[in-house]
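To start, the structure itself, in structure tokens.
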Amino acid sequence: MSVNDDKSPLCPYRKVPDHMILSGGKNNRYWVLDVTERPGHKTLTISCHKSLHPTETCLLKDGWEMTPVCSGDVVHLEGFSDGGSWLVDREQGFLVLLPDSLISGTSISSSIRCMRRAVLGDIFDGGSKQMLNGTMVHEVFQRAAMAKDFSLETLSKLADQAMHSPHPSNSRAPSRHQDSGTVVTVTELADIEENVWCPRFGLKGKIDVTAHVRIQRPQNGSHRALEERTVPLELKTGRESNSIEHRSQVILYTLMSMERYNPEAGLLLYLKTGSLHPVVASHMDRRELLKLRNTLVHHIHNCVEKESERSRLSRLPDILTNRQTCQYCPQRRNCALYESEDVVRDFLQEETGHLTPPHLSYFSHWLLLCCLEAATMEAKNGRKRVWLQTVKESEKNGSCVGNLQLSVPVTIQSEGVFLHRFHRSSVAPQHGLANNGLGSGDRIVVSDQEGRLVGLATGYLCEVSRTSISCTLDRDLSKFSGVLFRLDGDEGVVGLSTHLTNLSRLMENCQDSDRLRELVVDLRPPEFIFNLSSVLPREAKDTVANILKGLNKPQKQAMKKVLLSKDYTLIVGMPGTGKTTTICTLVRILHACGFSVLLTSYTHSAVDNILLKLKRFRVGFLRLGQGQKVHPDILPYTEESARKKGVHALSELEQLYNKELVVGTTCMGIKHPIFTRRRFDFCIVDEASQISQPICLGPLFYAKRFVLVGDHQQLPPIVQNQEARSLGMDESLFKRLELHSEAVVQLNVQYRMNRQIMSLSNSLMYEGRLECGSERTASALLSLPFLHSVQSELSCYSQTHPQHDLAWIQAALSPSNPVCFLDCSMAGCKPSDIGVIAPYRQQLKSISALLQSSAFIGVEVNTVDRYQGRDKSLIVLSFVRSTVEEGNLGELLKDWRRLNVAITRAKHKLLMVGSATTLRRYAPVEKLLNHLQQENMISFKNTPWFYHSAFLNSQFSHKTNLQLKHIELTL
DNA sequence: TCTCTGCTCAGAGGA
């Protein structure tokens, strides 16, 4: 991208976005306002103030002028500035482009050979058998080393051997280790797999081994100076190459641990030969590696570019012309796929030769969508606050707790899970910990407060009390017991690598992928067989017939369709139609027929919902996934707990993986090793209409047939990037395949809502197709056992206070009572039967805050999105919005599907609150209001913002059961 | 404008 393109008269780089953090000093962050290029050098106009005043300049030369820095970028500068003018050249200074995007050491070292591969490697996952082997050898070595059963001796010996020999190694690269008399001895292994985030150089990595070494240098002839140091040690299990890549990795680790240990040099150990190479970096080495980092980060950040308001994929760095190098590249396929529109080199042609233009464009379309979405997620990612904001600043927005001291001992909870307890040091006891924004279960990252040890460990919060915090971490921090810690909430940087890996796999030249491509991309109509008897084993017939007994007609149809399918079936589960029951029954039938089933959904809770039901019917299953996320009642079925009983041999593991016909996991859980071997007869995906296409594809690779269950009239997949959404990223696979109506079965008989509530959804979305399953459902009313006494109390009240005839509504309307809640407890409604729904999280926060009293414990306050798939007897739905101006409308309420979900959660009574005039501006809500009006369900037309729909008894009984204490009315 | 679930992760090796 040429810099000049960006310098339009309406230059946007004159304004720094709000989320940007700039600073001067050692860990500086400069905003680039302007770039001017002359032959041989480049001058940046920069500022470290958000006001962009005053400005400084930075002169780049001796190769640094090739840095792909643009106006609007953030840079970090190392070196010196002379009165506001920086110089970065051959001898001095570094420029770190986009320093808060931490790039891993391996990415950079792999970019030495092929920048394109490094960029692709950042986008897609890759891997090979050799790598798995390497991982295992690493693990064995590191464990043995830490256990010290062979480590110290062996390592010291290796070190000695290597260092004492006159030519330290058979290195091909020039060794900068000049003083041949120096002896390095490894005295202790300080750590393994140490995690380092180094925002100063924009680097991150995991250091295989952190070693204490003794260095003896010759000094004045016979006299020897002793020096102790901590250095990074990189293990290599493969062939000893002492290659530039390997050495560069060590140099990068040395650089990124500078603030921790100031190591000066690092070590490279080849386990095969046992030779140890010291790697000392020169300024040149660091300079060139940082330049590579800058180029890499530029490509990663600019993977999409705008051309006249439309985004498209940027060009990647060129393909190498070296067939030899490309032959073994794990990114071959992606490399060829990315270039679909251009001429691909002949030796890459075989990667895409089997694909048609529609296949290629499906791939690049979704790649673009994912890149757009990833960019938005990256921009919102608050991880950089961990190193850019002080504890004080971060504590203010509730995402951080500082001044923490570690209480020893640290206990081991399970393998690789360490239970830590921190207490707030007396240094800053302003307020307790409990009122912080962090809560139990939150993901956190632990760093030191000084900024030397950023990202020491990650884990989950367990308990937050007034003075102390306990959490499980991935590393034992007891050796840092003197350090003052900070603990930051970590939203996590989940890229879209699973999406893209699935997409890439869809394009693979193999049977499973060919078939899926045909169905998903080419939209080949699904096929069915005609005779059930050919699929139903004779011995299972009775069992199946028995299971079918409890089902209604459409549910039975669904079962039949699935059994007859050769490719796939789509089950539309309208609200309250018993989706979970249907899936559970389906699994039981398939199980009875001897079919294996892979049961998945996007969320852990959705998977567990079905498994909980299944458990009651004593259908065996294996649940994969992190124990922390699994429902407690399902825990006995996890791999984790099976392993606790003892799995020692490979055959036992294999037995564990193959034993159950039914396996349950999330769509993301398909990275599990079980899927390297096992295939299933059926894959069932629940909540499929909420899952994006690339993710939904994941589990489908492992089954012959699949069943998607969902309802595209309810919530779609969440897409944050507006452009990606407009280009169709929120279209689920469920929706895409729905055009084949022969594959669709509709569950339209519902057992949740009474007649009136159902009518709302019917008029809004389903055109009358939704039916009540029984008269009981249709006529069910809220049961309020003490209604009568409340009624008489109220009428008493209005008699003694005739002026307060409508006391409750007046209380609700009165400006002096801006926040109220419908309290039905007096009338006998259990708090757990009441749900409060609002579209906005902020709104819920304030509602919850007002429901602190013990009477309201059990009233669930949640977003529309969180309520999907669930119901309550009574729902209070707050529409929140009320604006007089013709301002922005906001996206959420424009979505028909969200409104549909919101109004179909209540079984017996639905109360809606909002401003009619405002809400009429949203087309979906307007349609709803028209229906309410027509059906006479609007109670208080004269008060423009109170609606109720429910059983239409007398108005009075309605009012009575609402002993109004607090209702949320935002005006 | 404001809905939020997934995920440890960076690295594991070969020319």
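Just so we're on the same page: letters track the sequence lines, and every chain starts at 1.
R866(A) comes within 4.0 angstrom of sugar-phosphate atoms only, judged by non-hydrogen atoms across all strands, and of no base. Residue-level contact check: Q690(A) touches neither bases nor backbone, having no heavy atom under 4.0 Å from any strand. Residue contacts for Y460(A): at a heavy-atom cut-off of 4.0 Å it reaches no nucleic acid atom on any strand shown. Counting non-hydrogen atoms under 4.0 angstrom, G105(A) reaches the backbone sugars and phosphates but no base. Nucleic acid contact for T458(A): base, since at least one base atom lies under 4.0 Å from a heavy atom of the residue.
The side chain of T666(A) places no N or O atom within less than 4.0 Å of a non-bridging phosphate oxygen (OP1 or OP2) of dT5(B). Side-chain N/O atoms of S104(A) include one lying less than 4.0 angstrom from OP1 or OP2 on dG11(B). Between T237(A) and dG13(B) there is a side-chain N or O to OP1 or OP2 distance below 4.0 Å. Within the structure, a side-chain polar atom (N or O) of K204(A) is placed less than 4.0 Å from OP1 or OP2 of dA10(B).
Contact annotation: the side chain of S732(A) never approaches that of Q690(A) to less than 4.5 Å [non-hydrogen atoms, C-beta and beyond].
Ranked by how close their nearest DNA chain B nucleotide is to the 5' end, H246(A) and G669(A) are led by G669(A). Along DNA chain B, the nucleotide closest to Y253(A) and the one closest to C329(A) are compared, and the more 5′ of them pairs with Y253(A).
Here the nucleotide nearest the side chain of E245(A), chosen from dA15(B), dG6(B), dT8(B), is dA15(B). If you check dC7(B), dG14(B), dT8(B) against the side chain of K629(A), the one that comes closest is dC7(B). Comparing dT5(B), dC7(B), dC4(B) by their closest approach to the side chain of H604(A) singles out dC7(B). Closest to the M377(A) side chain, of the nucleotides dG14(B), dC4(B), dG6(B), is dG6(B). For D208(A), counting side-chain heavy atoms from C-beta on, the closest listed nucleotide (dC4(B), dG6(B), dA12(B)) is dA12(B). Side-chain atoms of Y328(A) lie closest to dA15(B) of the nucleotides dC7(B), dA15(B), dT5(B). For P330(A), taking side-chain heavy atoms from C-beta onward, the closest of the listed nucleotides dG13(B), dA15(B), dA12(B) is dG13(B). Closest to the T863(A) side chain, of the nucleotides dT3(B), dG14(B), dG11(B), is dT3(B). Each of dT5(B), dG13(B), dG11(B) was ranked by its minimum atom distance to the side chain of R117(A); first place goes to dG13(B). Taking only side-chain atoms of Q720(A), from C-beta outward, the nucleotide of dC4(B), dG14(B), dA10(B) with the closest atom is dC4(B).
A salt bridge is absent between R247(A) and E245(A): the closest approach of a Lys/Arg side-chain nitrogen to an acidic carboxylate oxygen does not fall below 4.0 angstrom. A salt bridge does not link D488(A) with R385(A): every distance from a Lys NZ or Arg NE/NH1/NH2 to an Asp or Glu carboxylate oxygen is 4.0 Å or more. A salt bridge links R332(A) with E351(A); the closest basic N to acidic carboxylate O contact falls under 4.0 Å. For R623(A) and D608(A), the salt-bridge test passes: some basic side-chain N is under 4.0 Å from an acidic carboxylate O. Classification of E194(A) and R475(A) as a salt-bridged pair fails, no side-chain N sitting under 4.0 Å from a carboxylate O.
Between the P atom of dA10(B) and the CD atom of E194(A) lies a distance of 15 Å, rounded to the nearest Å. If you take CG of L496(A) and P of dC9(B), they are 12 Å apart, rounded to a whole angstrom. Across the protein-nucleic acid pair, H672(A) atom NE2 and dC7(B) atom P stand 12 Å apart, rounded to whole Å. One interatomic measurement links the two molecules: CH2 of W197(A) to P of dT8(B), which rounds to 15 Å at whole-angstrom precision. Atom P of nucleotide dC4(B) and atom CG of D442(A) are separated by 14 Å, given to the nearest angstrom. When rounded to the nearest whole Å, the span between CD1 of I695(A) and P of dT5(B) equals 15 Å. Computed from coordinates, the I192(A) CD1 to dC9(B) C1' distance equals 15 Å when rounded to whole Å. Across the protein-nucleic acid pair, E193(A) atom CD and dT8(B) atom P stand 15 Å apart, rounded to whole Å.
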Would you give me the side-chain donor-acceptor pairs under 3.5 Å for residues 665-672 of chain A, sequence neighbours excluded?
{"residue": "T666(A)", "atom": "OG1", "partner": "G669(A)", "partner atom": "N", "Å": "3.2"}
{"residue": "H672(A)", "atom": "ND1", "partner": "I674(A)", "partner atom": "N", "Å": "2.9"}
{"residue": "H672(A)", "atom": "NE2", "partner": "E639(A)", "partner atom": "OE1", "Å": "2.6"}

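S689(A) contributes no side-chain N or O that, together with a main-chain N or O of G710(A), makes up a donor-acceptor pair within less than 3.5 Å.
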Both atom distances under 3.5 Å, Watson-Crick or G-U wobble: I'd like the secondary structure of DNA chain B as a dot-bracket string, with | for pairs made across strands. ...............

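Inspection of the Q713(A) and K735(A) side chains reveals no N or O donor paired with an N or O acceptor under 3.5 Å.
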